[in-house]
Amino acid sequence: MPAGSLLPLFGSPSGAGASGASLGGGALVGAGLRKVSGPSGAFRLTEKFVLLLVFSAFITLCFGAIFFLPDSSKLLSGVFFHSTSLQQQPPSAPGEPHAPQPPGAGSGSDGGGGGAAAAEREAAQNLARIREDHEQALREAKKTLQMPPDEIRWAINQDKSNMLRNWPGGGEAGAAELPDLPFRKPVGAVGKEPADPLVRQQRAKIQEMMKHAWDNYKRYAWGLNELKPISKQGHSSNLFGTIQGATIVDALDTLYIMEMKDEFKEAKEWVEKKLDFNVNAEVSVFEVNIRFVGGLLSAYYLSGEEVFRKKAVELGKKLLPAFHTPTGIPWALLNIKSGIGRNWPWASGGSSILAEFGTLHLEFMHLSYLSGNQEFAEKVMNIRKVLNQLDKPEGLYPNYLNPSSGQWGQHHVSVGGLGDSFYEYLLKAWLMSDKNDEEAKQMYYDAVQSIETHLIRKSSTGLMYIAEWKGGLLEHKMGHLTCFAGGMFVLGADGAPADKMERHTELGAEIARTCHESYDRTSMKLGPEAFRFDGGVEAIATRQNEKYYILRPEVIETYMYMWRITHDPKYRQWGWEAVEALEKYCRVDGGYSGVRDVYSNHQSHDDVQQSFFLSETLKYLYLLFSEDDLLPFEHWVFNTEAHPLPVLSKEEEKGKRK
Ligand code: DMJ
């Protein structure tokens, strides 16, 4: 809806009964105006009464709008300085026809007539404009009043977004006009050499792996999203539409912390010259956020290079139309040119996915901080509000939520795919807020309590696992993705209620052990996509389509958190086993590839070097073999793609700069 329609939207609720009744007579209002402006004549009592009603409604509308509109200056200019505002009408919303222009509007010519005639013509034109606009406003008000309340809320939100379109630093020129922001010197952006010579060597080996992955990407797929290391060409996934360069953006911070300076420099130059978001592309909002926005934010916070801030904000702004739904729960897919969103066709009843809309918080809070605009933060805080208003079955969050009705879809719950990073972001929202975001903290620990009660089980030999919940029934299966939870539990142990702290560390350690078993029970010593605890097996994949490994990081991520917090040497040992397996089965001439069956002795490669192998798997391995001074947890929180984001103080979160 165009910004010009603010008047009816805000005017109608303020005048409820009276304006509702009078607005219902749009045709009468028009007739009344014609009578007033026509040749003089006597009015009958009923006509006078109607006129009085019309005028009082109009005055009520104006006053209502003046006093209740958040930005009354807009209204004043709209109502009282009308000819100017008409000439500057905003474009209609996509798909909506342009508002009708009165004859002659915007024409600078007086038609060559004399002064008096010109003045009369102008007066008539002004009157016509006022009348047309007034009628248009009444028509829209009437339409608005007939909408169901959900749609009214949605329309109001859309109007607010339109108003905010011109926020500081956010014009069409993109982020070129971003406010000045003194660069905060990053803490622990590079660490000291490990004291132990063996660990030093191991860490150097991981750096060499990064070099192999990067050099081959550069050689065969430079500028494309990912590398096909066997066929030695580019790989494009539909997650990013026609946005290019996923591997470059995802790898930036890993290159930086590994002190691969030349590679970082060439990556930065590519971002400067080639990274382009002005494309007609339908993208996954979640994937673009965690990889591109997250990668750019981290690159900025580590290096201080303004280009990364500018690009992150530019892209963040392109994602905002995804939130134009009746509830503000974003669409999963968005065309970043048209701003049209939709959900995955396979998602339960047109739902958005918990792990997707629940994994925007960290990045969006930083976008607000870096741009000085609160809209990003408001969007994600609204998601939380919607979630808080809903009943949760047994305190659990189903994976599907309908963005139009605001109701849950199927009652499936998972700490793996479709649910995982929502829980991660609750904990990390609290940590990233310097432990001020009490609401996130409460939601996180309550959620873990329900997960523990309803999903966490032990196998007959004592392996702890997190099952999936399908409408109250448990499926005794755990995904590779779920293995990240070990790291999350131990990271959150410190903030848990006093009587639960040890339990959270124990949960982390037990999940790490189970996930290690899932690796150890394969031929390749790499973990399957999913493993089961039924039909007589434990931590083993039983279905052929669950036996693959695509270079995922979650198990190594958990080793890294467990190591940092407990310093138990077994986590480095397990991490090293993974390095050896990766070298043996996934490394090929052209980079690193996933494998189709981790239980087989014959390598069958899937021919994809995932961008998260560089951003996550190799970064977590490097951190596992580094000292704790590299990206210390008191100062940094990792997004779900392992991009480090600095902790923001209370003032910074509110947009104030230090
Ligand atoms: C990554 O893109 C992110 O970690 C995401 O949250 C889930 N899966 C992949 C890696 O497995």
Side-chain angles (χ1 to χ4, degrees), residues 213 225-226 235 237-240 243 245-254 283-298 332 344 352-364 397 399 414-429 466 468 478-488 491 511 515 518-519 526-531 546 548-561 578 582 586 592-595 598 606 608-621 623 637-645:
N225 279 327
E226 288 170 323
H235 170 72
S237 117
N238 56 4
L239 299 173
F240 317 114
I243 298 182
T247 295
I248 298 181
V249 178
D250 236 2
L252 277 163
D253 51 12
T254 309
V283 303
S284 153
V285 173
F286 160 77
E287 295 288 353
V288 163
N289 176 59
I290 65 170
R291 302 193 201 203
F292 282 87
V293 177
L296 291 164
L297 289 173
S298 290
W344 297 106
S352 302
I353 305 292
L354 182 69
E356 297 196 327
F357 65 78
T359 310
L360 303 167
H361 193 97
L362 306 184
E363 297 81 0
F364 274 51
Y397 292 81
N399 295 334
S414 170
V415 183
L418 308 186
D420 48 10
S421 40
F422 160 69
Y423 304 98
E424 175 186 358
Y425 271 36
L426 288 179
L427 172 64
K428 291 180 176 176
I466 311 178
E468 312 248 312
M478 187 164 163
H480 191 289
L481 289 166
T482 321
C483 287
F484 89 97
M488 175 178 78
L491 179 67
I511 296 300
C515 292
S518 79
Y519 273 49
L526 291 167
E529 181 66 4
F531 42 94
E546 292 173 345
Y548 63 87
Y549 171 69
I550 57 168
L551 306 174
R552 286 198 192 277
E554 292 76 17
V555 175
I556 291 163
E557 174 181 352
T558 279
Y559 297 161
M560 190 281 289
Y561 281 106
L582 284 166
C586 299
Y592 288 86
S593 167
V595 288
V598 289
D606 68 8
V608 183
Q609 178 175 286
Q610 306 279 347
S611 76
F612 53 68
F613 182 64
L614 292 87
S615 74
E616 294 194 74
T617 312
L618 292 176
K619 185 187 288 127
Y620 285 135
L621 278 171
L623 289 169
V637 165
F638 293 90
N639 90 338
T640 196
E641 188 78 0
H643 295 305
L645 300 171

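For ligands, and for the atoms within them, numbers begin at 1 and follow the listed sequence. Keep in mind that the numbers below use all heavy atoms, side chains included, and drop hydrogens, waters and symmetry copies.
- Remark: the backbone N or O of Gly245 is paired with a side-chain donor or acceptor of Asn225 at under 3.5 angstrom.
- By the side-chain hydrogen bond (donor to acceptor under 3.5 Å, both in side chains) test, Glu356 pairs with Trp344, sequence neighbours left out.
- Side-chain contact, Asp420 with Thr482: no donor N or O sits under 3.5 Å from an acceptor N or O.
- Between the side chains of His480 and Glu554, at least one donor N or O sits under 3.5 Å from an acceptor N or O.
- Residue pairs meeting the salt bridge (charged side-chain N to carboxylate O under 4.0 Å, His left out) criterion with at least one member in residues 284-295, sequence neighbours excluded: Glu226-Arg291, Glu287-Arg291, Arg291-Glu641.
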Identify the protein atoms, limited to N or O, that lie within less than 3.5 Å of an N or O atom of ligand 1, and list each pair with its distance to 0.1 Å.
unit_1   : atom_1 : unit_2 : atom_2 : d
ligand 1 : 2 (O)  : Glu641 : OE1    : 2.6
ligand 1 : 4 (O)  : Glu616 : OE1    : 3.4
ligand 1 : 4 (O)  : Glu616 : OE2    : 2.9
ligand 1 : 4 (O)  : Thr640 : O      : 2.7
ligand 1 : 6 (O)  : Thr640 : OG1    : 2.8
ligand 1 : 11 (O) : Arg552 : NH1    : 2.7
ligand 1 : 11 (O) : Glu554 : OE2    : 2.7

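- Residues passing the side-chain hydrogen bond (donor to acceptor under 3.5 Å, both in side chains) test with Tyr620, sequence neighbours excluded: none.
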